[in-house]
Amino acid sequence: MSEPRPFLVIGYGNTLRRDDGVGVRVAEAVEALNLPGVKVLTRHQLVPELAEPLSRARAAVFVDATVFSGLKELELSEIEARKGGQILAHAADPRSLLALAGQLFEHCPQAWSLAIPVEDFGFGDHLSTRAEGGVVAAIRQIRKLASQKLA
Amino acid sequence: MAKRIMIDPVTRIEGHAKISIYMDDAGKVSDAQFHVVEFRGFEKFCEGRPLGEMPGITPRICGICPVSHLLASARAGDAILAVNIPPAADKLRRLMNLGQIVQSHALSFFHLSAPDFLLGWDTAPAQRNVFGLAAAHPELARAGIRLRQFGQEIIEILGGRKIHPAWAVPGGVRSALTNEGRDKIRAWLPEAFATTRLALELFKKTLKSHEKEALIFGNFPSLFMGLVTPDGSWEHHGGKLRFTDSGGNIIADQLDPQRYAEFISESSNQSSYLKSPFYQPLGLPGGMYRVGPLARLNICRRMGVPQADEELEQFKKFGHGAVTSSFLYHYARLIEVLASVEFVEAYLEDNDLFSEKLRADAGINNLRGVGASEAPRGTLFHDYTVDADGILKKVNLIIATGQNNLAMNRTVAQIAKHYLHGNEIPEAMLNRIEHGIRCYDPCLSCSTHAIGQMPLHVELVGPGGDILDEVTRS
């Protein structure tokens with residue numbers, strides 16, 4: 001019998017540029033919870049080989065920092081595959097990875113983007129107070145989403 | 001009046017930059033310059049940190065080649081401790097570097113460069129990318145992703161994680177290979193060999209229809225530099241430096257990387273954060289040298305493993321002494337992947353990799369140390385100066401992309417001379433200039449320590465500095 005498809009959490013960013021690493025911090029915290037059916041990946045940046053684990057997931061959430069000025073709180077938004085986006089530079093697009101998963105590995109999971117508003121990309125490995133608050137909220141959000149999708 | 005052409009951005013390189021093409025009074029291309037316009041200042045950031053932290057910090061320079069920084073950093077630490085690391089640690093570091101070469105070259109070949117020469121130079125950028133490749137050659141695109149996974153798996157098995165494993169340390173490494181890890185790596189080998197063979201055959205077949213590009217994509221005399229073993233074989237970690245010229249003549253050999261500052265100088269340009277190293281005894285322009293796969297294959301007499309040695313023999317037939325076309329970086333890259341897979345296979349039979357003697361302990365015995373290692377893109381130097389407590393006082397990083405900077409400028413100029421006939425930037429030239437740069441697989445995050453995307457444009461500049469045309473691609 002094949003293994004059930006996991007709920008995949010992908011946290012990415014540079015942990016030495018303070019809040020840029022918030023996605024990684026969230027993913028690491030989720031991993032520490034050992035939630036059944038949840039698989040966690042952390043990356044400095046999104047890379048094409050993520051298409052394969054994505055294709056094996058039931059659902060996926062991409063966790064990253066955002067400096068979008070209009071965003072005051074955590075934003076969870078469902079995203080769909082889109083071909084032709086930026087996939088191979090340092091800011092690969094989750095939508096493009098989803099498209100690649102579907103195109104090459106014949107399964108594109110339902111996916112969300114979890115954007116955490118942050119403010120400080122200076123050198124250092126400590127999160128700002130704002131980003132710290134986002135970590136707590138993000139973990140709560142991911143737990144809720146995972147339990148819905150794995151039910 | 002001289003003129004200048006500007007291209008923005010060159011896509012599918014790691015980071016982004018800007019290109020200026022200068023025209024002379026006769027309306028001909030006189031020069032070109034690849035600028036890097038962002039700055040991260042990692043060298044400054046490292047000052048004040050303890051030596052032991054450096055292998056944990058410097059891999060954060062880049063998400064594509066963190067292992068290269070990790071290993072060069074650990075070697076600089078070895079030099080400051082003044083230790084010979086245990087043989088097992090040296091072999092384990094080498095194994096990880098081979099994984100790094102495979103994963104980085106796979107990304108460069110299959111996903112950054114193959115869309116150009118497999119889908120056609122003049123295919124619209126919207127199709128000339130990995131999705132276009134996946135549509136036209138799904139098996140190849142899938143195999144490329146899997147080959148990269150193989151390299152990443154080696155790194156993860158040894159370092160405990162794929163990205164930024166702080167596993168190599170001054171004096172050695174933290175952990176050995178496990179039986180389980182060996183079995184996992186071994187299971188990948190047949191597929192890794194098959195994919196590499198597939199890519200090699202495909203490239204050699206494709207090369208016949210790209211003879212024109214091979215002649216003008218960075219085809220010029222230069223020096224070549226890289227590490228070699230004592231008998232002049234291919235080397236990727238440890239070893240000594242060799243310079244050869246385009247006739248294949250060795251002009252300097254078995255140079256100690258610790259003394260790099262005695263024979264490598266760095267010139268800088270106000271318009272770019274990318275420094276331009278050159279071979280100091282010959283000055284400029286004669287001291288321009290290339291590093292990376294093409295250089296490594298040019299300077300070595302053998303790869304040291306049978307399949308790659310056969311390929312090296314064929315490869316060398318493309319030159320007279322040295323292979324001078326930068327288009328053949330792709331070919332060299334694939335031969336290095338093949339060699340890496342062969343070396344990985346051999347290492348898995350070595351019981352030293354399971355040794356418990358992995359680290360030499362020592363205090364600060366030298367106040368300066370240089371670590372050199374072959375990154376996928378070329379020779380990487382980490383030069384650290386510390387105080388008696390091992391706190392970093394000064395850091396200098398010489399990055400492969402910087403060392404290829406002068407050659408990239410020459411490549412852009414050569415392509416522009418061929419395709420530019422007038423004051424407007426033709427689409428055909430734009431595509432080919434982008435690929436000319438991609439031959440070197442530049443990593444701008446490393447070379448400038450820039451973060452994020454770096455938009456690049458091409459500008460055509462007249463003799464008086466007036467901009468005649470600009471192209472920006474987003």
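In the text below, chain A, chain B and the rest are named by the order of the sequence lines, each starting its count at 1.
- For Glu73(A), the CD atom sits in a loose shell: 12 or fewer heavy atoms of surrounding residues, nucleotides or ligands are nearer than 6.0 Å.
- Looking at Ala135(B), both its backbone and its side chain come within 4.5 Å of chain A, counting heavy atoms on both sides.
- Within the model, atoms CD of Glu49(A) and CD of Gln149(B) stand 6.5 Å from one another, a figure rounded to the nearest 0.5 Å.
- Residues Ile145(B) and Leu104(A) have side chains in contact (heavy-atom distance under 4.5 Å, counting atoms from C-beta outward).
- Within the model, atoms CD of Gln152(B) and CZ of Arg43(A) stand 7.0 Å from one another, a figure rounded to the nearest 0.5 Å.
- A salt bridge does not link Glu52(A) with Arg142(B): none of the charged nitrogens is closer than 4.0 Å to a carboxylate oxygen.
- The residue from Leu112(B), Val130(B), Leu107(B) that alone fulfils the side-chain contact (heavy atoms from CB on, under 4.5 Å) condition with Pro48(A) is Leu107(B).
- For the pair Ser96(A) and Phe131(B), the tightest heavy-atom approach, listed with the atom from each and the gap, is O-CZ, 3.3 Å.
- More than 12 heavy atoms of other residues, nucleotides or ligands lie within 6.0 Å of CD in Gln148(A), so this atom counts as buried by the packing criterion.
- No more than 12 heavy atoms of other residues, nucleotides or ligands lie within 6.0 Å of NE2 in His126(A), so this atom counts as exposed by the packing criterion.
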